[in-house]
K.L.:
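My structure is below; once you've seen it, I'll send some questions.
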2 protein chains.
Amino acid sequence: MARSSTTRYAVLGMLTLGPMTGYALRETIAGTIGHFWHESFGQLYPTLAALERDGLVASRAARTGRGREHTLTPAGYDALRTWLAQAPATSSSHRSELLLKVFFGRHAEPGTVERHLEMHRGALTESRAYLADLEAQVADDPAPDQAYWLATVRHGIHLTDASLAWTSETLASLTPETAP
Amino acid sequence: MARSSTTRYAVLGMLTLGPMTGYALRETIAGTIGHFWHESFGQLYPTLAALERDGLVASRAARTGRGREHTLTPAGYDALRTWLAQAPATSSSHRSELLLKVFFGRHAEPGTVERHLEMHRGALTESRAYLADLEAQVADDPAPDQAYWLATVRHGIHLTDASLAWTSETLASLTPETAP
DNA sequence: CACTTCATGTAACCTGTTACATGATTCT
DNA sequence: AGAATCATGTAACAGGTTACATGAAGTG
């Protein structure tokens, strides 16, 4: 039951924004680091319980009367800072099912890979628009974390644009040139 | 013990290159799709056993006298083709510990995020060189799969370059400009 | 003969997802 | 009153990693 690892620190970090219920925590995660992080309730609640057991988080009934409000303790903040100082794990199992299907694409029906790539492009385009919004939103908010938050959004933008460029390049290269 | 999912298809796909031992399978995976896929022995051998149980793979003692040679059966090839036709799972939990540390960077000691970024840049630079080699290698080999293989390498190159650009941009933005 | 590489497998564990179960507020 | 939202949690399972255990065949 002792859930550990990065989820713990994602939670501790989010609580630097202020006390929150588990539910709000998940909403906040989705709205800020949702483009590169994700937490499910099945992970979140046990993690909060474990963090509280370890004294890194304290909880009490929320002033709103609804749910439990979780606060970062000084020990929790220390744990966060210790973790921040450590080099991130040079991950990772970057497994891409799309690339796997491209790699074995010769064995698929003609047009299959192209269809997958076009769907991928659609998803990327949506994601790109979301990131543009998010970028504007962060740029307009003069929070102390602004530069850091913007950096993560810019990362998403750089990678999404690169992936879009690759998609176009690949679609062009896989489509045999037809003379007019 | 019935391991399933994408690992199965990565294995089936790899066996289109010819019969192989489990050991060779892993080497081949590392050498071809290693930049976006990974299999551990603990996953590979049970998967091979399951695939054989299901009639998608057949095995016999290798002609070299060493190990078991696994061959794709017609049913296995059909299974691969069926899987190829399906839209790839719109993943995924793209979790980045580096980005998490950047996002919460304000709470770290000054210079910490910069240090992480520089290490990241080092890893990317290495990866970039590897991909350049791989690209040349694939470009020189007139295999029937060439265009597809090249596409996956190009993906790696696009993303690595984008990540490198982001790293530089972010390092510049986090370093306060010092007047001369 | 010792060392490395090729080779196969199992067991324990960790991390995380999905589905289920439940219920209190607030809004319409 | 009914629906949507806020809220918390558990249980089962899936998928994968790490470490362990073992040994044969080739290389220096």
Side-chain angles (χ1 to χ4, degrees), chain A residues 1-11 14 19-31 33-34 36-53 57 59-70 83 88-97 100, chain B residues 1-11 14 19-31 33-34 36-53 57 59-70 83 88-97 100:
Chain A
M1 195 164 288
R3 307 307 181 99
S4 70
S5 193
T6 40
T7 289
R8 288 171 79 96
Y9 299 102
V11 167
M14 276 301 148
M20 267 180 264
T21 64
Y23 190 90
L25 204 41
R26 201 210 185 192
E27 301 269 288
T28 307
I29 286 172
I33 57 176
F36 67 87
W37 205 264
H38 171 257
E39 292 297 343
S40 62
F41 285 131
Q43 185 79 348
L44 208 44
Y45 286 114
T47 298
L48 277 170
L51 288 171
E52 186 162 11
R53 205 190 339 96
V57 156
S59 80
R60 57 172 189 190
R63 302 129 308 164
T64 61
R66 289 238 236 170
R68 298 231 103 216
E69 194 176 74
H70 296 80
W83 172 77
T90 49
S91 67
S92 67
S93 33
H94 41 281
R95 290 174 143 211
S96 167
E97 197 178 322
L100 208 53
Chain B
M1 193 164 288
R3 306 309 181 98
S4 72
S5 195
T6 41
T7 290
R8 287 172 79 95
Y9 299 102
V11 168
M14 275 301 148
M20 266 181 266
T21 65
Y23 190 89
L25 205 41
R26 203 210 182 192
E27 299 271 288
T28 306
I29 286 171
I33 58 175
F36 67 87
W37 204 264
H38 170 256
E39 293 297 344
S40 63
F41 286 130
Q43 184 79 347
L44 207 45
Y45 286 113
T47 299
L48 277 170
L51 288 171
E52 187 163 10
R53 205 191 338 95
V57 156
S59 79
R60 57 172 188 189
R63 301 130 309 164
T64 61
R66 289 237 235 168
R68 298 231 102 214
E69 194 176 72
H70 296 80
W83 172 77
T90 50
S91 65
S92 71
S93 32
H94 40 279
R95 291 173 143 210
S96 168
E97 198 178 320
L100 208 54

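All chains are named by letter (A, B, ...) in the order of the sequence lines, taking the proteins before the strands, and each is independently numbered beginning at 1.
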K.L.:
Reckon R95(A) has a side-chain N or O less than 4.0 Å from the OP1 or OP2 of dG16(D)?
P.N.:
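Answer is yes, contact under 4.0 Å.
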K.L.:
Are E39(A) and R26(A) ion-paired here, with the side-chain N under 4.0 Å from a carboxylate O?
P.N.:
no
K.L.:
Grab the CD-P distance between Q43(A) and dA11(D) for me, whole Å please.
P.N.:
16 Å
K.L.:
Determine: side-chain N/O of T7(B) to OP1/OP2 of dG15(D), distance under 4.0 Å, yes or no.
P.N.:
no
K.L.:
Just how far, in rounded Å, is C1' of dG16(C) from NE2 of H94(B)?
P.N.:
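In whole Å, dG16(C) C1' and H94(B) NE2 are 15 Å from each other.
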K.L.:
I need the CG-P distance between L44(A) and dC6(D), as an integer number of Å.
P.N.:
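After rounding, the reported distance stands at 15 Å.
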K.L.:
Between Y23(B) and dA7(C), is there a contact of a side-chain N or O with OP1 or OP2 at under 4.0 Å?
P.N.:
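So the side chain of Y23(B) is outside the cut-off, no N or O lying under 4.0 Å from OP1 or OP2 of dA7(C).
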K.L.:
Have S59(B) and R68(B) got a donor and an acceptor in their side chains that come within less than 3.5 Å?
P.N.:
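The criterion, which ignores hydrogens and geometry beyond distance, is satisfied for R68(B) and S59(B).
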K.L.:
Mind checking whether F36(B) and L100(A) have side chains closer than 4.5 Å, heavy atoms only?
P.N.:
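Heavy-atom side-chain distance check passes, below 4.5 Å.
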K.L.:
Determine whether the side chains of E97(A) and T6(B) contain a donor N or O and an acceptor N or O closer than 3.5 Å.
P.N.:
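Short answer, no.
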K.L.:
Measure the distance from CZ on R26(B) to C1' on dG9(C) and round it to the nearest whole Å.
P.N.:
14 Å
K.L.:
Without decimals, in angstroms, what is the distance between L25(B) CG and dT8(C) C1'?
P.N.:
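These atoms are roughly 13 Å apart.
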K.L.:
Side-chain contact test, heavy atoms from C-beta onward, threshold under 4.5 Å: evaluate it for R63(A) versus E69(A) and give yes or no.
P.N.:
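Yes; the side chains approach each other to less than 4.5 Å.
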K.L.:
How is S40(A) classified with respect to the nucleic acid when contacts are heavy atoms under 4.0 Å: base, sugar-phosphate, or nothing?
P.N.:
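Base contact.
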K.L.:
Whole angstrom is fine here: how far is it from CH2 in W37(A) over to P in dT15(C)?
P.N.:
12 Å
K.L.:
Does dT17(D) have OP1 or OP2 under 4.0 Å away from a side-chain N or O of H38(B)?
P.N.:
yes
K.L.:
Taking atom C1' of dT17(D) as reference, at what distance in whole Å does atom CZ of F41(B) sit?
P.N.:
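Atom CZ in F41(B) sits about 13 Å away from atom C1' in dT17(D).
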K.L.:
Would you kindly give the CZ-to-C1' distance between R63(B) and dA25(D), to the nearest whole Å?
P.N.:
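The answer, rounded to whole Å, is 16 Å.
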K.L.:
5'-most contact on DNA chain C: Y45(B) or R66(A), nearest heavy atom basis?
P.N.:
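The residue whose closest nucleotide sits nearer the 5' end is Y45(B).
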